[in-house]
Amino acid sequence: MSSTPVLPPAPKVYIRTFGCQMNDYDSGKMRAQLARDGWQSTDDPDEADLVLLNTCSIREKAVEKMHSALGEFRRQKREGRPLTLGVTGCVAQLEGDALLERYHNVDLVLGPDGVPHVRRLVAEARSGQRVLDTDFLDLETYPFVTDLDPDAAKKVGAFVTIQKGCDNRCTYCIVPTTRGDEASRPSAEILDEVRRLVETAGVQEITLIGQNVNSYGLKVPHEKNFAELLYAVAEVPGVRRIRYTTSHPRDMGDDVVQAYQDLPQLTSHLHLPVQSGNNKVLRRMKRFYTRERFLDIVERLRQARPDLVLTTDFIVGFPGETEAQFLDTMSLLDEVGFVSSFSFKYSPRPGTPALRLKEGHDDAVSGERLTRLQKRQRELSLAWTRSHEGQVVEVLIEGLSRHDEGVICGRTSANLMVNFPGSASEVGSWAKVRVTRGFTHTARGERVAAPVEIRARRA
Ligand code: 5AD
Ligand code: SF4
């Protein structure tokens with residue numbers, strides 16, 4: 001008689017991601033590498049054997065969020081739950097040792113450059129060691145992880161990292177401290193990942209990500225620059241849309257502007273963080289462009305692509321910012337007509353040059369300015385979505401509406417999300433939709449009679 005051996009259940013990992021798209025991507029790469037050792041990824045923290053909090057330190061609030069999430073898992077461990085608990089990402093880099101000292105039931109602390117070694121580090125933590133890895137890796141041989149996120153096939157779009165770190169030193173920003181200097185990933189590797197995402201996971205929209213994508217390749221002899229990379233990605237068969245984030249206005253060259261004329265795959269939406277509309281504040285932030293130069297870039301981009309829409313990031317209440325300087329930011333918002341923005345109160349970050357500015361900042365004043373800015377932004381956003389009413393737009397269907405049954409959502413090239421009746425089987429297809437109503441962030445529509453192209457799902 002033979003009996004089938006009973007295999008132990010696969011161990012499960014739950015990764016909670018805070019912060020930006022770089023962290024999202026790193027979480028995917030950690031999942032991919034752990035899968036090689038048999039780890040199954042789960043969305044349910046209660047069934048996990050390993051919990052990783054992939055953290056963000058860009059503003060104080062983000063750090064607070066991670067501490068409260070950590071507190072919950074620490075409590076469960078104290079009550080006897082067998083769990084390996086790790087902190088990864090930017091807070092891990094910043095606090096390092098201190099996290100292990102302060103929290104006795106944290107097993108693993110690894111910074112962003114620890115991602116390529118996650119399998120070994122997790123294995124060490126599971127064998128009972130307390131593990132710390134916050135070393136920066138060599139920039140010239142930086143080992144970008146090539147395994148695909150096992151969840152990639154669930155989505156119509158995917159991120160592809162093209163660089164790590166940042167060589168800029170914006171005076172408010174902690175990123176250079178937590179992610180180190182910039183390294184560009186070899187273009188052959190990027191193009192290979194794009195091809196694999198299209199061919200094996202059926203992905204149609206690629207978002208190239210990095211802290212400052214416009215400076216891609218500049219430090220590496222014989223490497224493509226960012227514009228050349230865009231043209232090469234556009235040549236990969238099956239890539240229907242290309243987005244990228246984040247770009248720095250200083251490095252927005254004429255060749256990238258030209259790409260908006262030449263490459264239909266490049267979407268009609270660009271996120272271009274301006275931070276402030278006042279030249280003195282921009283100088284003190286060390287952004288290396290002026291309001292006039294920013295407006296000039298916008299004008300040239302719109303000549304190249306008349307329907308281009310722009311979104312941005314703003315910081316209000318930077319140390320010493322006067323009311324008049326803030327009003328320059330308000331007027332820039334209108335002058336460019338940003339259709340949406342992320343806006344933040346200045347948050348002092350440890351070790352950043354802005355801490356040494358002699359002028360202070362007043363949180364209450366920043367809060368009041370933020371309210372005014374966001375109110376005006378909502379008006380502009382609504383005006384933009386409403387300007388689509390009655391128009392027929394083409395959308396790539398991304399998924400089901402989270403709120404209404406029988407409703408799906410699709411995104412236009414310009415990044416407008418439109419909800420309309422449909423079913424799950426249509427995810428990954430393209431549709432022509434008439435916009436019937438615009439809201440602040442999304443729109444509602446109805447399909448117009450037109451053939452729907454169904455994507456062949458290969459995964
Ligand atoms: N305070 C407030 N906002 C910040 N950002 C970066 N650092 C800070 C800070 N110290 C914002 C910028 C950046 C976005 C990712 O976060 O607007 O573009
Ligand atoms: Fe921070 Fe400036 Fe680098 Fe962006 S470009 S990550 S804001 S230092």
Side-chain angles (χ1 to χ4, degrees), residues 17-26 54-66 89-91 93-94 112 159 161 163-179 182 207 209-215 244-252 270-278 281-282 284-289 291 294 310-321 325-326 328-330 332-333 336 338 340-357 359-371 373-374 377:
T17 309
F18 299 81
C20 68
Q21 69 285 346
M22 298 301 287
N23 266 12
D24 252 355
Y25 182 84
D26 284 348
N54 195 12
T55 61
C56 169
S57 60
I58 194 95
R59 285 169 294 276
E60 185 57 33
K61 251 195 191 159
V63 180
E64 285 162 11
K65 266 200 218 162
M66 101 100 201
C90 290
V91 180
Q93 185 66 37
L94 201 64
F159 294 142
T161 199
Q163 63 183 181
K164 79 115 213 167
C166 185
D167 284 352
N168 287 326
R169 294 292 179 264
C170 302
T171 52
Y172 50 80
C173 186
I174 202 165
V175 166
T177 314
T178 57
R179 290 194 171 256
E182 185 179 308
T207 303
I209 60 169
Q211 235 72 50
N212 179 22
V213 293
N214 303 75
S215 62
Y244 58 86
T245 193
T246 296
S247 39
H248 192 301
R250 174 175 70 172
D251 300 314
M252 196 67 176
L270 171 62
H271 185 72
L272 194 59
V274 68
Q275 314 299 357
S276 165
N278 175 270
V281 175
L282 287 170
R284 297 168 75 243
M285 289 176 164
K286 284 215 173 16
R287 292 289 289 178
F288 298 107
Y289 53 83
R291 174 190 180 102
F294 186 87
L310 287 124
T311 58
T312 199
D313 293 345
F314 291 114
I315 296 177
V316 301
F318 187 74
E321 183 191 71
Q325 290 168 343
F326 166 68
D328 283 343
T329 299
M330 288 291 282
L332 188 76
L333 170 59
V336 176
F338 291 110
S340 166
S341 57
F342 297 112
S343 46
F344 312 101
K345 286 193 288 187
Y346 166 72
S347 169
R349 308 307 298 125
T352 53
L355 289 182
R356 295 194 296 271
L357 294 170
E359 299 91 340
H361 75 285
D362 180 328
D363 210 51
V365 171
S366 308
E368 188 275 326
R369 288 180 187 164
L370 190 68
T371 305
L373 184 80
Q374 293 183 339
Q377 180 64 77

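Order of listing sets the numbers, starting from 1, for every ligand and every atom in it.
When each atom of ligand 1 is checked for a heavy atom of R349 under 4.0 Å away, the hits are 10 (N). Taking every non-hydrogen atom of K345 and a distance limit under 4.0 Å, the qualifying atoms of ligand 1 come out as 1 (N), 2 (C). Less than 4.0 angstrom separates some heavy atom of R59 from each of these atoms of ligand 1: 1 (N), 2 (C), 3 (N), 4 (C), 5 (N), 11 (C), 16 (O).
At a heavy-atom distance under 4.0 Å, atoms from both the backbone and the side chain of Y172 approach ligand 1. Only the side chain of Q275 comes within contact range of ligand 1, with a heavy atom under 4.0 Å; no backbone atom does.
When the ring-ring contact (aromatic ring centres under 6.0 Å, His included) test is applied to F318, the partners found at least two apart in sequence or on another chain are Y346. Shown here are the salt bridge (Lys or Arg N to Asp or Glu O under 4.0 Å) partners of R284, two or more places apart in sequence or in another chain: E359.
D251 and N214 share no donor-acceptor pair across their side chains, judged by distance under 3.5 Å alone.
Comparing heavy-atom distances from atom 9 (C) of ligand 1 across S347, A62, A354, P348 singles out S347 as nearest.
Residues D362 and K345 are not paired through a salt bridge, judged by the lack of any N-O separation under 4.0 Å between the basic side chain and the carboxylate.
Between H271 and Y244, the closest side-chain pair of non-hydrogen atoms is not below 4.5 Å.
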